[in-house]
Amino acid sequence: MLTKKYIGLFLSGVVALSATSCKDSHNDTGTEFAPNMYHSVAYEPMSQTDGELNTINPYGMNMRTPVKGTVPREKFAISDGDSVNSKLLKMDLIARNIDKDDMASSEALLSNPYAATPENIEAGKTQYERYCQHCHGETGKGDGLVAKMYKGVPVYSSDALKGVNDGHIFHTITHGKGRMWAHASQISTADRWKIVLYVHELQKQ
């Protein structure tokens with residue numbers, strides 16, 4: 001009997017609480033628990049408004065102090081500019097600041113950091129066979145298995161493409177063109193440049 005009594009009181013309380021939660025206005029959010037989680041102060045990390053004071057970071061700044069040794073991109077300088085890694089890094093920094101629709105800048109500013117050695121060309125061929133051949137074909141004639149469905153895959157040795165330079169090819173692999181999808185997420189920067197070397201070989205055929 002005692003248990004039934006308490007169960008009855010509990011249910012009555014639940015009903016009463018539910019009734020008091022109902023409001024006429026649907027815009028009433030009711031009582032907020034921990035409102036600081038819903039209405040946190042937002043700071044713009046890349047700007048500092050006059051009079052704005054961030055009470056968490058040092059000196060009242062919105063942005064945290066950069067890690068020791070951080071170098072702004074515009075101040076970047078290469079000490080060993082003749083090494084492949086330095087050239088690769090320099091091209092990567094330039095390419096990352098070129099818009100996907102700005103092919104002209106890629107053609108003018110980008111050049112292959114890798115020399116056209118047999119080893120690099122062979123490495124490019126391996127990557128080409130893995131990522132490009134299914135559309136562009138074994139010899140770059142646009143006759144891969146997928147091309148039969150896509151139609152219109154260009155021929156590298158055609159008059160329109162046999163003269164395109166490093167930057168043009170790298171930009172196309174990175175960002176895609178027409179029905180060709182971007183491949184930057186699948187192929188590393190170094191491997192894209194090696195594919196460029198191999199595509200130049202196919203242009204000559």
Side-chain angles (χ1 to χ4, degrees), residues 44-46 67 70-205:
E44 290 294 335
M46 303 301 291
V67 176
T70 301
V71 180
R73 282 189 175 182
E74 61 269 19
K75 301 296 183 183
F76 180 79
I78 297 175
S79 57
D80 55 340
D82 292 332
S83 74
V84 173
N85 287 338
S86 294
K87 292 177 181 178
L88 180 63
L89 179 57
K90 182 178 180 180
M91 287 299 106
D92 189 46
L93 289 171
I94 295 172
R96 288 176 182 272
N97 286 283
I98 296 176
D99 188 81
K100 65 178 181 178
D101 297 319
D102 189 3
M103 177 70 80
S105 292
S106 290
E107 291 175 340
L109 300 174
L110 299 180
S111 59
N112 205 323
Y114 289 95
T117 63
E119 293 78 14
N120 287 335
I121 293 172
E122 185 62 30
K125 179 181 179 181
T126 299
Q127 296 302 317
Y128 177 89
E129 291 172 345
R130 184 174 298 166
Y131 294 104
C132 314
Q133 184 170 305
H134 53 277
C135 277
H136 292 279
E138 184 177 354
T139 58
K141 300 298 183 184
D143 55 357
L145 293 176
V146 177
K148 295 177 181 178
M149 298 295 297
Y150 263 45
K151 306 296 183 184
V153 178
V155 179
Y156 290 142
S157 58
S158 65
D159 290 339
L161 293 182
K162 65 182 181 181
V164 295
N165 66 6
D166 293 348
H168 182 106
I169 300 169
F170 183 84
H171 186 103
T172 302
I173 298 171
T174 302
H175 300 290
K177 186 178 181 182
R179 284 179 290 178
M180 175 179 165
W181 297 355
H183 284 68
S185 62
Q186 296 106 302
I187 312 174
S188 69
T189 303
D191 285 341
R192 273 177 268 159
W193 282 120
K194 291 175 182 177
I195 290 174
V196 170
L197 291 176
Y198 186 66
V199 170
H200 282 317
E201 296 299 309
L202 298 179
Q203 286 175 307
K204 301 172 185 177
Q205 297 184 12

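The basis for the numbers below is simple: all heavy atoms, side chains too, and nothing from hydrogens, waters or symmetry mates. Here, residue 1 is the first one in the sequence, and each next residue gets the next number.
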[atom2] on [Y] to [atom1] on [X], rounded to 0.5 Å:
X: Q127; Y: Y198; atom1: CD; atom2: OH; value: 12.5 Å
X: L202; Y: S157; atom1: CG; atom2: OG; value: 8.5 Å
X: I173; Y: I187; atom1: CD1; atom2: CD1; value: 6.0 Å
X: S111; Y: K90; atom1: OG; atom2: NZ; value: 8.0 Å
X: I195; Y: T126; atom1: CD1; atom2: OG1; value: 10.0 Å

Under the salt bridge (Lys or Arg N to Asp or Glu O under 4.0 Å) test, residues paired with K204 that sit two or more places apart: E201

Non-hydrogen atoms of [X] and [Y] that approach each other most closely:
X: V153; Y: A147; result: CG2-CB, 3.6 Å
X: H171; Y: S106; result: ND1-OG, 2.6 Å
X: D102; Y: I98; result: O-CG2, 3.5 Å
X: L88; Y: P113; result: N-CB, 3.7 Å
X: N165; Y: H200; result: C-CE1, 4.1 Å

Donor-acceptor contact present, side-chain [X] to main-chain [Y], <3.5 Å:
X: S158; Y: P154; value: no
X: N120; Y: K194; value: no
X: H183; Y: W181; value: yes

message: Using the ring pair (Phe, Tyr, Trp, His ring centres under 6.0 Å) criterion, which residues pair with Y114? Sequence neighbours excluded.
response: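 Counting only residues at least two positions away or on another chain, Y114 forms no ring pair (Phe, Tyr, Trp, His ring centres under 6.0 Å).
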
field: Residues which pass ring pair (Phe, Tyr, Trp, His ring centres under 6.0 Å) with H168, listed by chain and number, not counting sequence neighbours
entry: none

- request: Please report the C-alpha distance between I169 and Q203 in whole Å, then the side-chain angles of each, then the deciding distance to 0.1 Å, and finally whether the side-chain contact (heavy atoms from CB on, under 4.5 Å) criterion is met.
  value: CA-CA 11 Å; I169 300 169; Q203 286 175 307; 4.2 Å; yes

task: For residues 128-140, pull every pair meeting side chain to side chain donor-acceptor pair (under 3.5 Å), keeping only residues two or more places apart or in separate chains.
output: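 The answer is H136-Y156.
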
message: If the condition is side-chain contact (heavy atoms from CB on, under 4.5 Å), which residues does A184 pass it with, not counting sequence neighbours?
response: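 Partners of A184 by the side-chain contact (heavy atoms from CB on, under 4.5 Å) criterion, ordered by chain and then number, come out as T174, R192.
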
task: Applying side-chain contact (heavy atoms from CB on, under 4.5 Å), name anything that partners A95, two or more places apart in sequence or on another chain.
output: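 A95 satisfies side-chain contact (heavy atoms from CB on, under 4.5 Å) with L110, F170 once adjacent residues are dropped.
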
